[in-house]
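Here's the structure we're looking at; comments come further down.
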Protein chains: 2
Amino acid sequence: MALRHAVLAALLDGEYSGYQLAKVFDVGVANFWYAAPQQLYGELAKLERDGLITGRQVIQRHRPNKRLFTLTGAGVAELERFASAPAKPLVLRDDLAVKVHAVDHVDPEPVLAQLAERASTAAAKLALYERTLRELRQDTDEETFLRDGERVGPYLTCLAGCRLERTVHDWCVDTARVLRQRARTGSHP
Amino acid sequence: MALRHAVLAALLDGEYSGYQLAKVFDVGVANFWYAAPQQLYGELAKLERDGLITGRQVIQRHRPNKRLFTLTGAGVAELERFASAPAKPLVLRDDLAVKVHAVDHVDPEPVLAQLAERASTAAAKLALYERTLRELRQDTDEETFLRDGERVGPYLTCLAGCRLERTVHDWCVDTARVLRQRARTGSHP
DNA sequence: CCAGACTACTCACAAACTTGACTACGAGCC
DNA sequence: GGCTCGTAGTCAAGTTTGTGAGTAGTCTGG
């Protein structure tokens, strides 16, 4: 069970349809978890079957009907249980890092291109997360919000996202600079 | 195909047995990829079957014999192909972040404990990576090594590891501080 | 007025990953 | 002498993820 708890945690923020969740999970906001839509629909079905969430049909006029899901008491209890169980170590898997590891033996050009792309997606995510942070804390400043706000969980994970994306971005930029300089001096065929 | 290229990239550093690789992948050094030993043995078998690596038996006196694997030309070619293919977005999955997201609705105590644990494993990894960096660059300073060293790939990914672990560590510490302060003031039942 | 994008969801298969158990021998410790 | 730890692997089963394809109606731009 893995995606399971990420879905439950996301539903703490309110009712969502599978489709809406899919968008949240696609970007990765608020959750440190990515999932494809198909996975989410499947997981939602299981969660409902297990009584951890309930869905209600919403009939819409100008678009397909949808089902909105809410946590049940059992769902919250399951989250509670999960939160107190020992955490599995963070899982990180990155193609690009593998490529950089091999960069002395392969053509660096495509790797440079991918570093640039990763840097720009990191910058975009960073901007998105920073906007989310502002929305979450409204007019308050960060310190006050963290002290007195009533719901800081999403803010804290979003902060993690910011810091992470900044780290990724900077690493990509610095790594690309190193590789470009080496390509110029050309002393490493 | 996923683990596949991480193994190939690891074998750029020299001959390894499955057991040795398992240790490298367990810590995650040099690769942004974790894998259990069983996975590695399986993948090594497939890679050998596909002619991307070759194994040679090494008879040992006071311990079990082992097989050391080396990249073949086809293996390097496959890495080259992989490096120029578009990179998949970084995959990040973190239990602990999910728990923090839910922290306003569950008991924060166990989450605090897990944040402390994560912080200390991050610090340990950071120390390990920093040692690895020093070993890789020997007496040279970083700038010179990155300009003139002949194998900077592993150094660059190790740098990424350092920055990442530092980011993770700091986030855990800061998050724990916020949560502890809120627990003290107790205005959020 | 038609192509393409967006909402909303479903089915199904194939890869990849996780888990637990098991073998076998040598070395070091008390 | 028995215990545990480290080396070096293998087998099998189960869960989770990834991927591609498909349906069906609505809104939007040229």
Side-chain angles (χ1 to χ4, degrees), chain A residues 1-8 15-28 31-50 55-69 82 85-95 98, chain B residues 1-8 15-28 31-50 55-69 82 85-95 98:
Chain A
M1 308 306 154
L3 176 56
R4 158 153 295 209
H5 300 108
V7 171
L8 292 175
E15 285 186 320
Y16 283 103
S17 70
Y19 190 78
Q20 290 172 303
L21 275 178
K23 281 192 294 186
V24 174
F25 274 78
D26 184 39
V27 196
N31 294 285
F32 271 52
W33 217 276
Y34 161 81
Q38 296 94 319
Q39 258 181 88
L40 287 169
Y41 287 114
E43 198 60 45
L44 285 168
K46 275 191 229 164
L47 286 167
E48 192 176 23
R49 177 165 52 56
D50 296 349
R56 64 183 183 91
Q57 181 90 7
V58 173
I59 281 100
Q60 299 189 113
R61 264 171 300 274
H62 297 303
R63 56 188 62 181
N65 298 334
K66 61 183 175 183
R67 302 196 67 213
L68 292 180
F69 295 94
F82 165 69
K88 299 189 184 155
L90 176 149
V91 176
L92 221 175
R93 292 195 162 122
D94 187 5
D95 265 21
V98 173
Chain B
M1 307 303 154
L3 176 58
R4 159 151 294 204
H5 300 107
V7 172
L8 292 175
E15 283 187 321
Y16 283 102
S17 70
Y19 190 78
Q20 291 173 302
L21 274 179
K23 282 192 294 188
V24 174
F25 274 77
D26 185 38
V27 196
N31 294 286
F32 271 54
W33 216 277
Y34 160 84
Q38 296 94 322
Q39 251 182 97
L40 286 168
Y41 287 115
E43 197 60 45
L44 285 168
K46 276 191 229 164
L47 285 166
E48 193 176 22
R49 179 166 51 56
D50 297 348
R56 66 186 182 88
Q57 181 90 8
V58 173
I59 281 100
Q60 299 187 112
R61 263 170 303 273
H62 298 302
R63 57 185 63 178
N65 297 336
K66 62 182 174 184
R67 302 197 66 215
L68 293 179
F69 294 94
F82 165 68
K88 300 191 183 156
L90 176 149
V91 176
L92 222 175
R93 290 196 164 123
D94 187 5
D95 265 21
V98 173

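In what follows, every chain begins at residue 1, and chains take the letters A, B, ... in the order their sequences are listed. Everything numeric here is computed off the predicted structure, so don't read it as measured data. Excluded from the calculations below are hydrogen atoms, water molecules and symmetry mates; all remaining heavy atoms, backbone and side chain alike, are included.
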Is any side-chain nitrogen or oxygen of [X] closer than 4.0 Å to OP1 or OP2 of [N]?
X: A:Y19; N: C:dT7; answer: yes
X: A:K23; N: C:dA8; answer: no
X: B:K88; N: D:dG18; answer: no

Tell me which nucleotide among [options] gets nearest to the side chain of [X].
X: A:Y41; options: C:dA8, D:dA8, D:dT17; result: C:dA8
X: B:Q38; options: D:dT7, C:dG20, D:dA21; result: C:dG20
X: B:S17; options: D:dG9, C:dC9, D:dT19; result: D:dG9

Identify the heavy atoms of B:K88 and A:D95 that sit nearest to each other, and give their distance.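 The pair with the smallest heavy-atom distance is N-OD2, 3.5 Å.
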Do you know the tightest heavy-atom contact between B:Y16 and B:L21?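 Shortest heavy-atom separation between B:Y16 and B:L21 comes out as CB-CG, 3.7 Å.
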Separation of [X] atom [atom1] from [N] atom [atom2], in whole Å?
X: A:Y16; N: C:dA8; atom1: OH; atom2: P; answer: 14 Å
X: A:E43; N: D:dT15; atom1: CD; atom2: C1'; answer: 11 Å
X: A:I59; N: C:dA8; atom1: CD1; atom2: P; answer: 13 Å
X: B:L21; N: D:dA8; atom1: CG; atom2: C1'; answer: 13 Å
X: A:R4; N: D:dT15; atom1: CZ; atom2: C1'; answer: 12 Å
X: A:Q60; N: C:dC6; atom1: CD; atom2: P; answer: 17 Å
X: B:Q39; N: D:dA12; atom1: CD; atom2: C1'; answer: 15 Å
X: A:L3; N: C:dC17; atom1: CG; atom2: P; answer: 17 Å

Find the distance between OH (A:Y34) and CZ (B:R93) and round it off to the nearest 0.5 Å.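 A:Y34 OH to B:R93 CZ: 8.5 Å, rounded to 0.5 Å.
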Please round to the nearest 0.5 Å and tell me the distance separating atom CZ of B:F69 and atom CD of B:Q20.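 That separation rounds to 11.0 Å.
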Between A:E15 and A:K66, does at least one N-O distance fall below 4.0 Å, as a salt bridge requires?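 Salt bridge absent between A:E15 and A:K66.
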I want to confirm an ordering. Mapping B:V91 and B:P37 to their closest nucleotides on DNA chain D, which one lands closer to the 5' end?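 The answer here is B:P37.
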Non-neighbouring partners of A:D50 that pass side-chain hydrogen bond (donor to acceptor under 3.5 Å, both in side chains), sequence neighbours left out: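 Only A:R4 meet the side-chain hydrogen bond (donor to acceptor under 3.5 Å, both in side chains) criterion with A:D50.
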Check: protein-nucleotides 23-26 of chain C nitrogen or oxygen pairs below 3.5 Å:
none

Which residue in the set A:D26, A:L3, A:V24 passes side chain to side chain contact (heavy atoms under 4.5 Å, CB included) when paired with A:L40?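 Per the side chain to side chain contact (heavy atoms under 4.5 Å, CB included) rule, the option paired with A:L40 is A:L3, out of A:D26, A:L3, A:V24.
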